[in-house]
Amino acid sequence: MIYLINLSDIRIPLLTSEFVDPIASIVSRVGKPYTILHYTSPAVNKIRGNPVILCGTALKDNAFLEATDRFSWLMRCGSPILGICAGMQILVLVSGGSTVPSLEVGMHTIHLEKADEISGDIRNFNAYELHQFGPVPQDFVVIARSEKTIQMIRHQSLPWYGVIFHPEVRNEWVVVNFLKWSEEIYSSSQR
Amino acid sequence: MKVGVLFSGGKDSTYVCWKAMQTEEVTCLITVRSLNEESYMFHTPNIHLAGLQAEAAEIPLIEVITEGIEEKELEDLFRALKEAQNKFGIEGVVTGAILSVYQAARVQKICHDLDLWCFNPLWHCDQRRYLDDLVRTGFRAIISGVFSEPFDDTWLGREINTRMITELEAIAERYGITLTGEGGELETFVTDAPFFTQRIQIMDSQIRYRNHNGRFLISGAILENK
């Protein structure tokens, strides 16, 4: 079971179809079952080992940043995690990093700095940005950058990935490859 | 939250208006009428009837004219959204964008500059599921423009129904176009919606068509009771 965590403001249901459903569609297309939980749901505390995708949210939505204490479960769940945009910001913040103002909207060119299992042979690509904060990560390896911001990171010791861009727009490979990689981790942990 | 809907009179913007009405307060529709038929941002046939559609929906309309010069037309959109903020107190804007990064990014930036929320409920949706829902929930929309192969003049004026959606699906697969026509292949005009208090009856129209490029131009329309 893949867990998709909805990071959008719970008072604005309109955001779910824009930021969660497209990710759910990708997961569904690769044949994986999923469950959508809002980050405020107590059920997130029961996640153990299952792949987790922290979905993005609207440019103006910062409600999740005021509730970072609700994400302490990430440190103890033992799951492979992909953080998308807001999700990446949360991964950075719960692991001791910070964010800085960095507005990027629209398509930007991303340059890979490090070869990685998820990015494979990709070197440069264009990605859809919709954020006003960029990450200042701690204990992460930087995999890719745009001219302005760190774009893709991998934790040095935990099975965590973060992308500040929105892969549901023209870069579904990020989600697909993350799910494949998660499955490999899970399979090897069972042996 | 009070929101304004960026409204072209086509199926996508009308559908998201209805979606927004489920949870937010839609206080106005916002239409940008372009004098430039080639505009990438605002290019809809029959946009002059947005007022009639707004009347059918009983929602106020803010209408702004633009010359449609690329990037300059965004100043006109900014002006329209600012007017919606001042007159109707909108805190957010709803658009019918599905795949168009060009349009979505530009509206997002303007909303950011005005400190407005920007909602795109159809963003990267399952297009077949969306069109099925459109028909199932009682929207009535006709094809008002065709702009690519293989669409010919026989498509103009046709109403979207399940049979047409299946045809469109086969065409999308064969020709690599978008099922919803959002790639600019098709334009639509909504004559009825679940939230319309009256429907639109087309009284007079002309077809202009040549080489997979045509418009169903409505020159006369009235409101009639449902």
Side-chain angles (χ1 to χ4, degrees), chain A residues 4 6 8-30 34 55-63 84-86 101-110 125-133 146 148 165-172 174-176, chain B residues 1-5 12 15-26 40-41 71 74 81 85 90-130 133 178-179 182-183:
Chain A
L4 307 186
N6 184 353
S8 60
D9 191 325
I10 200 168
R11 296 166 296 184
I12 311 176
L14 264 185
L15 292 171
T16 303
S17 62
E18 185 172 353
F19 293 101
V20 181
D21 291 353
I23 302 297
S25 288
I26 299 170
V27 175
S28 185
R29 276 201 295 279
V30 297
Y34 64 86
C55 299
T57 186
L59 190 61
K60 197 169 150 59
D61 187 359
N62 294 323
I84 295 171
C85 197
S102 180
L103 178 70
E104 280 180 307
V105 177
M107 300 302 287
H108 287 71
T109 303
I110 314 296
F125 60 97
N126 292 321
Y128 185 66
E129 312 284 348
L130 189 66
H131 58 88
Q132 46 179 335
F133 295 103
S146 65
K148 210 171 172 183
F165 58 88
H166 285 260
E168 64 272 25
V169 182
R170 304 188 191 175
N171 288 295
E172 296 186 4
V174 172
V175 178
V176 172
Chain B
M1 183 191 303
K2 289 182 181 178
V3 297
V5 176
D12 302 338
Y15 182 85
V16 297
C17 180
W18 178 68
K19 275 290 185 200
M21 288 167 85
Q22 314 297 307
T23 57
E24 314 303 323
E25 185 187 348
V26 176
Y40 281 122
M41 285 290 296
E71 305 304 338
L74 299 176
L81 297 188
Q85 247 180 337
I90 65 165
E91 300 157 84
V93 171
V94 185
T95 92
I98 302 175
L99 295 170
S100 173
V101 166
Y102 182 91
Q103 291 178 342
R106 280 156 179 79
V107 178
Q108 289 276 5
K109 281 178 192 161
I110 293 172
C111 285
H112 174 75
D113 291 343
L114 289 168
D115 195 26
L116 289 168
W117 287 84
C118 183
F119 302 113
N120 306 277
L122 285 175
W123 191 241
H124 283 256
C125 67
D126 181 315
Q127 295 182 55
R128 175 73 206 228
R129 198 176 294 166
Y130 153 52
D133 197 50
T178 61
L179 178 58
E182 202 225 16

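Below, all heavy atoms of this structure are taken into account, side chains as well, without hydrogens, waters or symmetry copies.
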Can you tell me how far CH2 of B/W117 sits from CD1 of A/I12, rounded to the nearest 0.5 angstrom? 3.5 Å

Hey, what do you get for NE2 (B/H112) to CG (A/L103), rounding to the nearest 0.5 Å? 4.5 Å

Interatomic spacing from CG in B/L116 to CG in A/L59 - rounded to 0.5 Å: 11.5 Å

Which heavy atom of A/P13 sits nearest a heavy atom of B/E24, and at what distance? CD-OE2, 4.0 Å

Under 4.5 Å between any side-chain heavy atoms of A/R170 and B/V101, yes or no? yes

So, for B/A105 and A/G106, which heavy atoms are closest and what is the spacing to 0.1 Å? CB-CA, 3.7 Å

What part of B/C118 gets closer than 4.5 Å to chain A, counting heavy atoms only: side chain, backbone, both or neither? backbone

Rounded to the nearest 0.5 Å, what's the gap from OH on A/Y128 to CD on B/Q108? Could you check? 4.5 Å

Pick one of side chain, backbone, both or neither for A/Q132, based on which atoms fall under 4.5 Å of a heavy atom in chain B. side chain

Between CG on residue B/D126 and CZ on residue A/R29, distance to nearest 0.5 Å: 8.0 Å

So do A/K60 and B/D115 actually touch side chain to side chain, heavy atoms under 4.5 Å? yes

